[in-house]
Amino acid sequence: MTAPAQIETAQPPVVQLHPLSRRIMHWVNALAILVMIASGWRIYNYYPALSLHFGFPLYLTLGGKFTVDEAMNNDDGLANALAWHFAAMWVLVLNFLAYLIVGFVSGHFRRDFLPVGPSAFMRDFFAALRGRLGHRLGEYNAVQKVFYWGVLAAILVTILSGLSIWKPVQLQYLTWLFGGYEVARVVHFFGMAAIVGFLVVHLALTLLVPKTLVAMIFGGTSVAPHPRTGSKP
Amino acid sequence: MTRPILGPEPIVTGIERRLFLRQTLSLGALALLTGCDISDQHGVQAVLKAMSRWNDRAQAFLFRHQVLAPTFAESDVARNFRYNAYFPVADVPKLAAADYRLELSGLIADKRPWSVARIYSLPQQSQITRHVCVEGWSVIGKWSGPRLSDFLHRVGADLTAKYLGYQCADGYYGSIDMATALHPQTIMAVKFADATLPAKFGYPFKLRIPTKLGFKNPKWVTTMYVTNRMPGGFWEDRGYNWFSGS
């Protein structure tokens with residue numbers, strides 16, 4: 001096969017992995033999730049949903065310094081945390097809805113997150129444990145697919161349980177669905193824990209394969225992605 | 001076995017690593033910033049306050065007159081209902097029926113003060129509802145008393161006005177929207193668990209509003225007024241959301 005010489009010497013093509021809309025939604029989501037978690041941890045400390053004796057370290061929480069808040073607002077930092085939580089809530093929910101709509105309409109979910117089945121998951125999971133699961137930009141393995149569905153579900157459950165804590169009267173059927181106000185608080189906590197668990201793995205893997213971060217910032221990469229139609233090794 | 005620190009990896013990857021490191025550092029700096037003082041900046045406070053006003057409107061939009069707070073069985077009522085105020089229980093106002101008068105003011109036709117006996121003589125209703133605190137704890141209790149809407153009709157309050165404000169014997173103050181004041185479950189609770197409301201829970205009456213968070217259920221109420229000017233409130237003036245509906 002002969003190709004024109006100028007193509008062979010040209011730069012490798014920049015391949016668009018993440019369209020601009022997805023990158024914007026990813027980083028808006030990242031910021032909103034961080035604010036929700038940090039302010040939520042401060043709120044948790046005031047009356048823990050779990051009967052375990054632990055609280056989140058103050059420096060990891062959002063809501064300002066106690067002394068400054070005392071001087072500015074005569075409060076001890078809870079009002080600030082609640083204000084952050086109920087402000088970022090709108091950003092998180094609207095961005096999440098936009099992502100779901102774009103994901104379904106554009107075919108992103110169908111193309112990139114499907115198909116995924118138990119056998120493919122087991123195969124890729126054990127391959128990952130043995131360190132034999134490569135990462136190809138632009139193509140998700142079954143473990144990744146399950147992880148992304150999982151974190152989407154965790155965000156959804158955390159939003160819905162959060163709404164049922166926020167509005168146990170006006171949205172009482174939602175609260176009832178979660179087993180009542182007190183149970184909804186515990187569900188909300190474990191939804192957060194699942195998201196944090198995802199974040200730990202997500203960030204660790206990004207650390208291992210930094211070009212995924214470049215792709216999520218700049219959208220493309222000069223490294224050609226693995227062809228979708230290629231057979232799996 | 002020693003491993004070379006710099007492996008034979010392409011330079012491009014090294015640059016990416018460095019970029020990643022820089023991103024991580026700036027993320028870390030952002031996290032530090034948020035943890036320390038971003039909340040305390042006046043610009044941030046202004047944004048948070050604007051969002052809180054937006055949340056007032058969203059909650060007023062969600063509020064439905066006919067949606068009732070869930071009610072519970074007698075067996076669900078907490079045995080030791082939590083006492084909660086910003087002072088110890090020994091310091092609660094101990095109001096005497098002989099001296100007490102409920103003062104009325106603002107957009108109300110009949111502003112004559114009410115005695116305890118007159119408030120207690122109004123037709124009463126009972127409710128077993130969940131009291132939810134802004135901090136997250138909740139307690140189920142049983143309250144009885146006249147409907148606030150009956151009272152407001154009786155004194156000729158302007159029901160088209162926006163706010164009902166209240167002041168209390170302990171210096172506490174606040175306000176609610178008129179829609180909530182007219183909600184069928186908003187009562188002037190004169191009884192707790194079928195007995196006359198004890199001093200620690202707000203004798204002679206507390207506004208029991210199961211569609212609002214606990215801090216919008218004032219105890220030891222001494223003045224109520226109707227107004228179109230937003231009166232704010234004790235905790236609201238300290239940064240808590242004004243509507244604070246449930």
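Just so it is clear: chains get the letters A, B, ... in the order the sequence lines come, proteins before strands, and each one is counted from 1.
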* Take B:Ser138 and A:Glu182, measure what side chain to side chain donor-acceptor pair (under 3.5 Å) needs, and give me the verdict at the end. => CA-CA 8 Å; B:Ser138 78; A:Glu182 294 292 349; 2.5 Å; yes
* Nearest heavy-atom neighbours spanning B:Cys133 and A:Tyr181 -> O-OH, 4.5 Å
* Which heavy atom of B:Leu48 sits nearest a heavy atom of A:Ala87, and at what distance? ->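 Smallest interatomic distance, heavy atoms only, reads CD2-CB, 4.2 Å.
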Looking at [X], I want to see if its [atom1] is surrounded by more than 12 non-hydrogen atoms of other residues, nucleotides or ligands under 6.0 Å.
X	atom1	value
A:Phe54	CZ	yes
B:Arg53	CZ	yes
A:Tyr173	OH	no
B:Lys191	NZ	no

* To do: Examine whether an atom of B:Val47 lies under 4.5 Å from a heavy atom of chain A, and if so say whether it belongs to the side chain, the backbone or both; otherwise answer neither.
  =>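 Interface part for B:Val47: neither.
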* Pick one of side chain, backbone, both or neither for B:Ala50, based on which atoms fall under 4.5 Å of a heavy atom in chain A. => neither
Rounded distance (nearest 0.5 Å) linking atom [atom1] of [X] with atom [atom2] of [Y]:
X	Y	atom1	atom2	value
A:Arg185	B:Trp137	CZ	CH2	11.0 Å
B:Glu135	A:Asn45	CD	CG	11.5 Å
B:Ser244	A:Leu82	OG	CG	8.5 Å
A:His85	B:Met51	NE2	CE	13.0 Å
B:Gln59	A:Phe86	CD	CZ	8.0 Å
B:Asn55	A:Trp166	CG	CH2	5.5 Å

* Would you check, one step at a time, whether the test side chain to side chain contact (heavy atoms under 4.5 Å, CB included) holds for A:Trp84 with B:Ile38? => CA-CA 11 Å; A:Trp84 274 110; B:Ile38 195 172; 4.0 Å; yes
* Which one of A:Leu171, A:Leu78, A:Ile165 has the most heavy-atom pairs closer than 4.5 Å to chain B? ->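 Of A:Leu171, A:Leu78, A:Ile165, A:Leu78 has the most heavy-atom pairs under 4.5 Å with chain B.
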* Contact part of A:Trp90 toward chain B, heavy-atom cut-off under 4.5 Å: side chain, backbone, both or neither? ->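 Just its side chain gets close to chain B.
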* B:Pro70 and A:Val169, any side-chain heavy atoms less than 4.5 Å apart -> yes
* Polar side-chain atom of A:Gln172 near backbone of B:Leu68 as donor-acceptor pair, under 3.5 Å -> yes
* A:Asp75 side chain to B:Gly239 main-chain N or O, any donor-acceptor pair under 3.5 Å? -> no
